[in-house]
Number of protein chains: 4
Amino acid sequence: MVTRKRALKAPPDSDTDSRVQRSKHTVLAATYELLTQSGLAGVSVDAVSKRSGVAKTTIYRHWPSRSALLLDACSRMGSRAQTPDTGTLRGDLETLAFHVAGRLRTAPWAAVLPSIIDAAERDADLAGVQARIHAEMRYPFCAVVERAQQKGQARRGVNPAEIVAAVLGPLFYRRWFSREPLDDTFVKAVVQNVISQL
Amino acid sequence: MVTRKRALKAPPDSDTDSRVQRSKHTVLAATYELLTQSGLAGVSVDAVSKRSGVAKTTIYRHWPSRSALLLDACSRMGSRAQTPDTGTLRGDLETLAFHVAGRLRTAPWAAVLPSIIDAAERDADLAGVQARIHAEMRYPFCAVVERAQQKGQARRGVNPAEIVAAVLGPLFYRRWFSREPLDDTFVKAVVQNVISQL
Amino acid sequence: MVTRKRALKAPPDSDTDSRVQRSKHTVLAATYELLTQSGLAGVSVDAVSKRSGVAKTTIYRHWPSRSALLLDACSRMGSRAQTPDTGTLRGDLETLAFHVAGRLRTAPWAAVLPSIIDAAERDADLAGVQARIHAEMRYPFCAVVERAQQKGQARRGVNPAEIVAAVLGPLFYRRWFSREPLDDTFVKAVVQNVISQL
Amino acid sequence: MVTRKRALKAPPDSDTDSRVQRSKHTVLAATYELLTQSGLAGVSVDAVSKRSGVAKTTIYRHWPSRSALLLDACSRMGSRAQTPDTGTLRGDLETLAFHVAGRLRTAPWAAVLPSIIDAAERDADLAGVQARIHAEMRYPFCAVVERAQQKGQARRGVNPAEIVAAVLGPLFYRRWFSREPLDDTFVKAVVQNVISQL
DNA sequence: CAGTAAACGAGACGGTACGTCCCGTCTTATG
DNA sequence: CATAAGACGGGACGTACCGTCTCGTTTACTG
C-alpha cells in the first residue's frame with residue numbers, strides 16, 4: 001500500500017547508460033520511418049515498438065507520451081538549408097527554390113508535412129513544431145532578400161515575408177493542391193515572377 | 001403469402017423513401033460537423049451515430065464503411081463560387097481571392113482541407129475527392145483569366161494555371177504554413193503582383 | 001403530424017376475413033414448428049415471418065407481442081389424454097404412464113417443455129401456460145386414483161398428488177436428468193412401485 | 001534488442017500471473033451471478049463485462065466465446081455432497097434428499113438447471129456439462145444404496161439407478177412441474193415410499 | 001568483481017471503434 | 001384496409017488496435 005515514490009536520487013536521466021542511448025536511437029529511427037511512410041496517423045507507440053523491436057515499456061520510459069515522441073521525431077525534419085550567395089538575388093532565390101522543390105519531390109517531407117499542418121490546427125504542441133520547421137525553411141529566403149535590399153538590388157519597401165509567400169506558396173500549391181509535376185520550368189517561372197516586382 | 005418479386009415502377013432501391021432521405025441527411029450533417037471540429041481522424045462511425053441519433057446499423061445500411069461515409073461527406077465540401085464579371089481582370093481576381101480568403105478564415109474548410117490533403121497522399125479515393133474540390137475552386141479563376149486573354153486585357157502566352165498558382169499559392173501558404181493573418185492588404189498585394197505580370 | 005388514431009369502428013377483430021384466418025393459421029403452424037425444433041429461444045417474430053412467408057407486420061397485427069404469440073402457440077401443446085378405464089388401478093396408471101412416456105420419447109414435447117419451465121422461472125405469463133399444461137397432464141392421473149379410492153381399490157389416506165409425483169417424477173427425471181432410455185420396463189417398474197404403496 | 005526466446009522455468013502461459021487469476025475469478029463470479037438471476041439467456045459478454053468491471057477484451061482473452069465462458073461458469077455448479085453415514089439407509093437417503101431439497105429451494109441452482117437442461121437438448125457441450133452435474137448429484141445416492149445392499153439392509157436385485165429416480169424424480173417434479181412447495185413432509189414421504197420397496 | 005538499481009521484454013488490462021448479425025417496432029406503398 | 005417490403009433503433013457479437021501498467025529477467029554501473 002505504501003506507494004514508495006521512485007527514489008531516483010541524482011541523475012534525472014542517465015544518458016550515459018549505453019542501453020538507453022541505443023534504445024532512444026533505435027526508437028527514433030523507427031518513428032521517423034513510420035512517419036515518412038504513413039504520416040502522423042501511422043505513428044502509434046505500438047507500431048514503433050513492433051518495428052523497432054524495443055518494448056513499449058521502454059519507449060514510455062523515455063518519452064512521456066506518444067505526442068512527445070512525435071515531437072521529438074518531427075524535430076529532426078527541419079530544413080537547415082545554407083544561405084547561398086551567387087551574386088544575384090535571382091540566383092540565390094533560384095538556388096533556394098530548387099532546393100525546396102527537390103525536397104518536395106522526395107518522400108519524407110512531402111508526405112508528412114500535411115499531417116503536421118493538419119494536426120497543428122488542433123494541437124498546440126504540434127503547431128509549435130510546425131512553426132519551427134517553417135521558420136527554418138523560411139530563414140534563408142528572408143536572408144537573401146534582406147541582403148539584396150541592403151545592397152540596393154531590390155526595393156526597400158517590400159516586406160520579405162511577402163516575397164517568401166510568393167515563392168513558397170506556388171511551390172506548395174503545386175505539390176499538394178493541384179498535384180501537377182513540380183518541374184524546373186515552373187520553379188524558374190515562379191522566381192522570375194517574383195524578381196520582376198523588385 | 002406469395003412473395004411476388006417487385007416488378008413495379010418504383011426503383012428497387014428506395015431513395016424515394018422519406019425515412020431514408022432523412023437518415024442520410026442527418027448522418028451527413030453530423031459527419032460534416034465532426035469533420036470540421038476534429039478533422040478526418042475524429043470521424044468515427046460510433047461518434048457520428050451518437051451525435052446524429054441515427055443507429056450505427058442504419059449508417060452501415062447506407063454506406064458500406066467509414067471510408068465511404070467520409071468520402072461522401074467530403075464531397076459536399078466543394079467551392080462552387082460564381083464566376084464574377086466586374087469588367088476588369090483585377091476586379092474579377094480580387095473578388096475571387098477575397099472569396100477564398102473568406103473561406104480560409106472560417107472554420108470548416110480551413111480545418112479539414114489539410115486532413116484531406118494528407119490522406120490524399122496515401123489514399124486514392126480521397127485523392128480523387130481532393131482533385132474535385134480543387135478543380136471546383138480553380139475553375140472560376142481560369143475562366144476570368146481566359147476571358148481577359150480573349151478580350152486582350154492580358155497576354156496570351158501565360159498559362160492560366162500559373163496565374164491560379166500565383167494567387168492561391170500565397171493565400172494557402174499564409175493560412176497553413178506561416179499562419180499569419182490573412183488580411184485584406186495581403187490579398188490585394190497578391191492580386192496586384194499577379195496583375196503586374198500580365 | 002396529426003396522428004389519427006385507428007378509427008376501427010365496430011368489429012374488434014375481423015375473424016371472418018378469410019385472409020386473417022389464413023394468416024393466423026399459417027403463423028401458428030410455423031411457430032409451432034420452430035418451437036419444437038429450437039425451443040422457445042428459437043422463436044423470434046423474424047424467424048416465424050421468414051418460415052411462414054407472412055410479413056412481420058401482419059404477425060404483430062394479430063398478436064400484440066412475441067410473448068403473446070408464444071403463449072398462443074404453447075397453448076396448443078396441452079395433453080388432453082382421455083381418462084382410461086381398464087378395471088384396475090394398475091392398468092389405468094400403466095396406460096397413462098405409457099402415454100406420457102410415448103410423448104416424452106418424441107420430439108415436440110420433450111424438446112420444448114424444458115424451455116417453458118425455464119422461462120416460467122422468470123415470466124409470469126409463461127408460468128401460467130406451464131401450469132395449464134401440467135394441470136391437463138395431471139388431471140387423468142388424479143381421476144383414476146380417486147376413482148380407485150372410491151371403489152376401495154386404494155387406501156383413502158393417500159394424497160393423489162403424491163401418487164402423480166411418484167409416477168411422473170421418475171419419468172421426467174429419466175428423460176431430462178439422467179437421459180437414460182425411457183423403456184417399457186422402466187415405466188412398468190415405476191407403476192409397480194407406486195401400486196405397492198396403495 | 002535481441003529477442004531471446006524464453007527458455008526459463010516459468011511456464012509460457014501465465015496462469016500464475018496474479019492479474020490473470022484475478023480477472024478470471026471476477027469474470028466467473030459475475031457470470032455466475034447473472035446466470036442465477038437471468039438464466040443462460042441473460043448471460044451476454046457485454047453484461048458480464050459491465051457487471052464485473054472487467055473489459056470485454058480481457059474476457060475474450062481468456063475465453064474464446066460466450067459459449068466457452070458459459071460452459072466454464074456452469075461447470076462450477078456441481079453438487080459435491082458428502083456421502084452420509086447415519087447407520088440406516090433411511091437416514092442416509094433422508095439426509096441426501098433434504099440436501100437436494102434445500103438446494104432446490106434456494107435460487108441459483110433451481111433457476112439455472114432448467115436453462116441447462118433445455119440447452120442440453122440442442123447443444124452437445126452443455127449436454128456434457130449437464131451430465132457431469134447430474135453424475136455428481138447422483139453419486140452419493142448410489143453409494144449409500146450400494147453400501148446398504150452389501151450390508152444386507154436392502155435387497156440386492158434392485159438397480160440403484162431406479163432408487164435414485166424414485167427419490168430425485170418426485171423432488172424435481174415438485175419443484176419444476178407442479179410448483180408446489182417442497183416441504184419436509186413431502187421429502188420424508190418420498191423416502192419412506194422408496195424404503196418400503198427394499 | 002560482485003550486488004544492486006535500472007533498464008528492459010513480455011504481455012495483461014481497460015478502452016474505443018470496427019463491421020456484422022439479428023430482433024422488435026414502425027413506416028410506406030401496393031393490392 | 002389487410003398485406004408485403006423493408007427502414008429504423010437497439011443490443012450483442014467477436015476483432016483489432018492503442019496507451020497504460022505490472023510483472024519477472026537481464027544488464028551495466030558502482031562500491
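Proteins get letters first, then strands, A, B, ... in listed order; numbering begins at 1 in each. Both backbone and side-chain heavy atoms feed into the values below; hydrogens, waters and symmetry mates do not.
In this structure B:Asp123 satisfies the salt bridge (charged side-chain N to carboxylate O under 4.0 Å, His left out) test with no other residue, sequence neighbours excluded. For A:Ser115, the side chain to side chain donor-acceptor pair (under 3.5 Å) test picks out B:Asp118, with sequence neighbours left out. Looking at residues two or more places apart in sequence or on another chain, you find a side-chain contact (heavy atoms from CB on, under 4.5 Å) between A:His62 and A:Val20, A:Ser23, A:Lys24, A:Thr58. When the salt bridge (charged side-chain N to carboxylate O under 4.0 Å, His left out) test is applied to B:Arg61, no partner is found at least two apart in sequence or on another chain.
Heavy-atom distances under 4.0 Å link DNA chain E to D:Thr58, D:Arg61, D:His62 of residues 58-73 of chain D, given in residue order.
Put simply, NZ on B:Lys56 is 13 Å from P on F:dC13, counting in whole angstrom units. Look at CG on A:Leu34: it is 14 Å from C1' on F:dC18, rounded to the nearest Å. Straight-line distance from the CZ atom of B:Arg19 to the P atom of F:dG9: 10 Å, rounded to whole Å. Between A:Gln21 atom CD and E:dA7 atom P there is a gap of 13 Å when expressed in whole angstrom units. Regarding C:Asp46, its CG atom lies at a distance of 16 Å from the P atom of F:dC8, rounded to whole Å.
Considering only side-chain N and O atoms, B:Thr57 lies nowhere under 4.0 angstrom from the phosphate OP1 or OP2 of F:dG10. In this model, the phosphate group of F:dA7 is not approached by any side-chain N or O of B:Ser23 to a distance below 4.0 Å at OP1 or OP2.
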For residues 41-51 of chain B, which side-chain N or O atoms pair as donor and acceptor with protein atoms under 3.5 Å away, sequence neighbours left out?
unit_1: B:Ser44; atom_1: OG; unit_2: B:Ala47; atom_2: N; d: 3.0
unit_1: B:Asp46; atom_1: OD1; unit_2: B:Lys56; atom_2: NZ; d: 3.4
unit_1: B:Ser49; atom_1: OG; unit_2: B:Val54; atom_2: O; d: 2.8
unit_1: B:Ser49; atom_1: OG; unit_2: B:Lys56; atom_2: N; d: 3.4
unit_1: B:Arg51; atom_1: NH1; unit_2: B:Glu33; atom_2: OE1; d: 2.7
unit_1: B:Arg51; atom_1: NH1; unit_2: B:Gln37; atom_2: OE1; d: 3.4
unit_1: B:Arg51; atom_1: NH2; unit_2: B:Gln37; atom_2: OE1; d: 3.3

Go through it in stages, so that I can follow the logic: the residues are A:Leu69 and A:Tyr60, the test is side chain to side chain contact (heavy atoms under 4.5 Å, CB included), and I'd like the CA-CA distance, side-chain angles, deciding distance and then a yes or no. CA-CA 9 Å; A:Leu69 173 58; A:Tyr60 276 103; over 6 Å; no
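Residues B:Lys50 and D:Lys24 each lie close to DNA chain E; by heavy-atom proximity, the contact nearer the 5' end of the strand is made by D:Lys24. Mapping D:Val43 and B:Arg22 onto DNA chain F by nearest heavy atom places B:Arg22 at the nucleotide closer to the 5' end.
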